[in-house]
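In each ligand, atom 1 is the first atom listed, and ligand 1 is the first ligand listed. Any value given below was found using the heavy atoms of this structure, including those in side chains, with hydrogens, waters and symmetry copies removed.
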Amino acid sequence: MIIENNRMQEAIDEIKHNVANAAEKSGRRPEDIMLLGVTKTVGCDLMEKAYDLGITNFGENRVQEYLRKTDIIKRKCNWHLIGRLQTNKVKYLDQRVALIHSLDRIELAKALQARGEKIDFAFPVLVQVNVSGETSKAGIEPEQVKDFLLTVSKMGNIQVRGLMTIAPYTDQPEEVRHVFRKLKKISVDIMREKIENISMGELSMGMSGDYIVAIEEGSTIVRIGSAIFGERIYRA
Ligand SMILES: *Cc1c(COP(=O)(O)O)cnc(C)c1O
C-alpha cells in the first residue's frame with residue numbers, strides 16, 4: 001500500500017467534498033451518507049491513520065483478515081463485512097460486526113440465524129442484489145428480492161436494514177447510473193410492501209470509480225478503497 005499521510009488527507013478531503021456536492025444534488029445532507037473505508041489488504045497502521053483523519057467505518061471482505069484486525073486495532077471504529085461471505089465462516093462472527101453487506105442466499109441466512117440464536121444477537125445485514133445481471137456477480141435477482149425478504153423476515157436473529165449492489169466495472173460512471181437507479185427503485189417498492197422486521201433505510205452502492213453517481217441516485221453508504229488507500233497490492 002503506497003500512499004503517504006498527506007496524500008491520504010488530500011484524498012479524503014476530496015472525497016468528502018464530492019460526497020457533500022452529490023448529497024446536495026439528491027436533496028440530502030452530507031452526514032446522511034456514510035463513507036466506508038474498504039481496507040482489504042490495507043495494513044493496520046494505515047487504517048489507524050485513516051481513523052485519525054475521520055474514517056471510522058471499515059469494510060473487510062475476508063473473515064480471517066477482519067478477525068485479525070479487530071484484535072489489533074483498538075479504536076472505536078465500526079466493522080463491516082462486504083464481500084462474499086462463506087457459510088462456514090459464520091461461526092466466527094459476533095456482536096462486533098456493525099453491518100454485513102452481502103446476504104445473497106438462503107443458506108447464508110440460515111447460518112446467520114443459527115449463529116444469532118446461539119449468541120443471542122440479531123445480525124444487521126443488507127441484501128445484495130445482482131442488479132446488472134452479470135453472471136460473475138453475487139446477489140439475489142431483482143425479481144426474487146421480495147420473496148427472499150419474506151423468508152428472511154421470519155428469522156428473528158437477522159435484521160435487514162436495506163440493500164447493496166456492485167455495479168459493473170467501468171471508467172464511465174454515467175454508464176452505470178441506471179444500475180443505482182434500479183436498486184433505489186427496488187428499495188422503494190419493497191418499502192411499500194411494509195414487510196415486518198424488514199427496513200429499507202440503507203442503500204450500499206458506489207465505490208471509488210462511481211460513488212458520485214451512486215449518491216446522486218440515493219446511496220446512503222459508499223464503499224471506498226483505492227481512492228483513499230491507493231491501489232491494492234495482493235500478496236500470494
Ligand atoms: C474492494 C471492494 C470495494 C472497494 O473498491 P474500490 O474500487 O477500491 O473503491 C467496494 N465494495 C466491495 C464489495 C469490494 O469488494
Would the number of heavy atoms belonging to other residues, nucleotides or ligands and lying under 6.0 Å from NZ of K91 be above 12? yes
One finds that the ligand 1 atoms under 4.0 Å from a non-hydrogen atom of I224 are 9 (O)
What residue and heavy atom of the protein are closest to atom 12 (C) of ligand 1, and at what distance? I82 CD1, 3.6 Å
Closest to atom 2 (C) of ligand 1 (heavy atoms only, candidates R84, H80, K40) is K40
Proximal atoms of ligand 1 relative to R223 (non-hydrogen, under 4.0 Å): 4 (C), 9 (O), 10 (C), 11 (N), 12 (C), 13 (C)
Note: ligand 1 atoms sitting under 4.0 Å from heavy atoms of I166 are 13 (C)
Below the 3.5 angstrom mark, is there an N/O of G225, backbone or side chain, next to an N/O of ligand 1? yes
Look only at the side chain of N78 and the backbone of A98, and say whether a donor-acceptor pair between them is shorter than 3.5 Å. no
Polar side-chain atom of R181 near backbone of E217 as donor-acceptor pair, under 3.5 Å: no
Separation of L163 CG from I190 CD1 (nearest 0.5 Å): 7.0 Å
Only one of R68, K40, K69 passes salt bridge (Lys or Arg N to Asp or Glu O under 4.0 Å) with E60; say which it is. K69
Are any side-chain N or O atoms of D13 and backbone N or O atoms of H17, one a donor and one an acceptor, separated by less than 3.5 Å? no
Can a non-hydrogen atom of R232 be found less than 4.0 Å from any atom of ligand 1? yes
Starting from atom 10 (C) of ligand 1, what is the nearest protein heavy atom, named by residue and atom, and what distance separates them? M207 SD, 3.4 Å
Could you walk me through whether F123 and L99 pass the side-chain contact (heavy atoms from CB on, under 4.5 Å) check? CA-CA 7 Å; F123 285 103; L99 188 60; over 6 Å; no
Does the N or O separation between S208 and ligand 1 drop below 3.5 Å for any pair? yes
